[in-house]
Amino acid sequence: MRLATLALFTASTLSINSAAADFLRWSAEIENDPFSGGRKVLVNMSTIRSGVFIVCDTAEPGVRVRAVPGWAYVPDLALIEPTIEFAFDGERLLGAKGTTGAVGDNIAAAEVLLQGDQARQFVSAFASAQRQVAIKDGISDQPHLLKASGSTKAGEALVGCLDKQT
């Protein structure tokens, strides 16, 4: 009985640790998308209160950045056209007009599509970040101040995606 309990505890601890390995760290998933015909790169980081998702598809132009502050969506957010701003290692890079909406179980989100030079500047700075990736989503009272852990590898996947866009 003791051995079975120890084995169960060890297995659950290992599965929790592997699931938490990408918590507070940028990670990238790359998949072929049968609907767009392209190769899709999804980069994300989750914290206890929020999450940021970056999507690039080789079959579509640009890079989409979605910030999810972690609170419930209210209809009044539809009236806001947020300016979403990005800073890397303490230096503001750019800002762009975005949209608001809801994700998941009615959780508020702000999103922007970066194209052309803005997309290239963003992914280059993201891949080069050493300490911090900061995003001001235009709907929250506090910016998303995220560590750069994992951004080099995840950023390389985004750069590769942009290079292959049609």
As an exercise, state the distance from [atom1] of [X] to [atom2] of [Y], rounded to the nearest 0.5 Å.
X	Y	atom1	atom2	result
Gln142	Ser50	CD	OG	11.0 Å
Ser149	Met45	OG	CE	6.0 Å
Glu31	Glu29	CD	CD	6.0 Å
Ser124	Leu158	OG	CG	11.5 Å
Ile30	Cys56	CD1	SG	10.0 Å

Looking only at heavy atoms, what is the nearest atom pair of [X] and [Y], with distance?
X	Y	value
Gly37	Ala59	C-CB, 4.5 Å
Ile139	Pro69	CD1-CG, 4.1 Å
Ala28	Ala157	CB-CB, 4.4 Å
Ala119	Leu162	O-CD1, 3.6 Å
His144	Ala67	NE2-CB, 3.7 Å
Gly138	Ile80	O-CG2, 4.3 Å

Begin with the C-alpha distance, continue with both residues' side-chain angles, and end with the deciding distance and a verdict on side-chain contact (heavy atoms from CB on, under 4.5 Å) for Ile54 and Asn44.
-> CA-CA 6 Å; Ile54 306 167; Asn44 70 77; over 6 Å; no

Pairs satisfying ring-ring contact (aromatic ring centres under 6.0 Å, His included), at least one member in residues 76-114, at least two apart |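 Every pair satisfying ring-ring contact (aromatic ring centres under 6.0 Å, His included) with a residue in residues 76-114: Phe86-Phe122, Phe88-Phe122.
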
Is any side-chain N of the basic residue among Arg64 and Glu111 closer than 4.0 Å to the acidic one's carboxylate O?
->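 Glu111 and Arg64: salt-bridged.
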
Thinking salt bridges, do Asp137 and Arg66 make one under a 4.0 Å N-O criterion?
->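 Not counted as a salt bridge, because no side-chain N and carboxylate O are separated by less than 4.0 Å.
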
Using the rule that Ile, Leu, Val, Met, Phe, Trp and Tyr join whenever any side-chain heavy atoms are under 4.5 Å apart, tell me whether [X] and [Y] fall into a single cluster.
X	Y	value
Val55	Trp26	no
Val52	Trp71	no
Val68	Leu145	no
Phe53	Val41	no

Of Thr58, Asn32, Asp33, Asp57, which meets side chain to side chain donor-acceptor pair (under 3.5 Å) against Arg39?
->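 Exactly one option meets the side chain to side chain donor-acceptor pair (under 3.5 Å) with Arg39, and it is Asn32.
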
Could you please spell out the steps behind the side-chain contact (heavy atoms from CB on, under 4.5 Å) verdict for Val133 and Phe126?
-> CA-CA 7 Å; Val133 175; Phe126 182 83; 4.2 Å; yes

Using a cut-off of 6.0 Å, state whether more than 12 heavy atoms not belonging to Asn106 lie near its atom CG.
->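 Atom CG in Asn106 is packed in, count exceeds 12.
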
Within a reach of under 6.0 Å around CG of Asp105, are more than 12 heavy atoms found that belong to other residues, nucleotides or ligands?
-> no

Which atom pairs, donor and acceptor, lie under 3.5 Å between side-chain atoms of residues 89-98 and protein residues at least two apart or in another chain?
from  : atom 1 : to     : atom 2 : distance (Å)
Asp89 : OD1    : Gln130 : N      : 3.2
Asp89 : OD1    : Arg131 : N      : 2.6
Asp89 : OD1    : Gln132 : N      : 3.0
Asp89 : OD2    : Gln130 : N      : 2.9
Arg92 : NE     : Glu85  : OE1    : 2.7
Arg92 : NH2    : Glu85  : OE1    : 3.4
Lys97 : NZ     : Thr83  : OG1    : 3.1

Given Glu81 and Thr99, is the side-chain contact (heavy atoms from CB on, under 4.5 Å) satisfied, shown in steps?
-> CA-CA 6 Å; Glu81 182 182 43; Thr99 59; over 6 Å; no

Apply the side chain to side chain contact (heavy atoms under 4.5 Å, CB included) test between Val65 and each candidate in Ile84, Val43, Val112; give the one that qualifies.
->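 Output: one option passes, namely Val112.
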
Does some side-chain heavy atom of Glu156 sit less than 4.5 Å from a side-chain heavy atom of Val159?
-> no

After noting the C-alpha distance and the side-chain angles of Tyr73 and Val103, does the key distance pass the side-chain contact (heavy atoms from CB on, under 4.5 Å) rule?
-> CA-CA 9 Å; Tyr73 176 82; Val103 296; over 6 Å; no

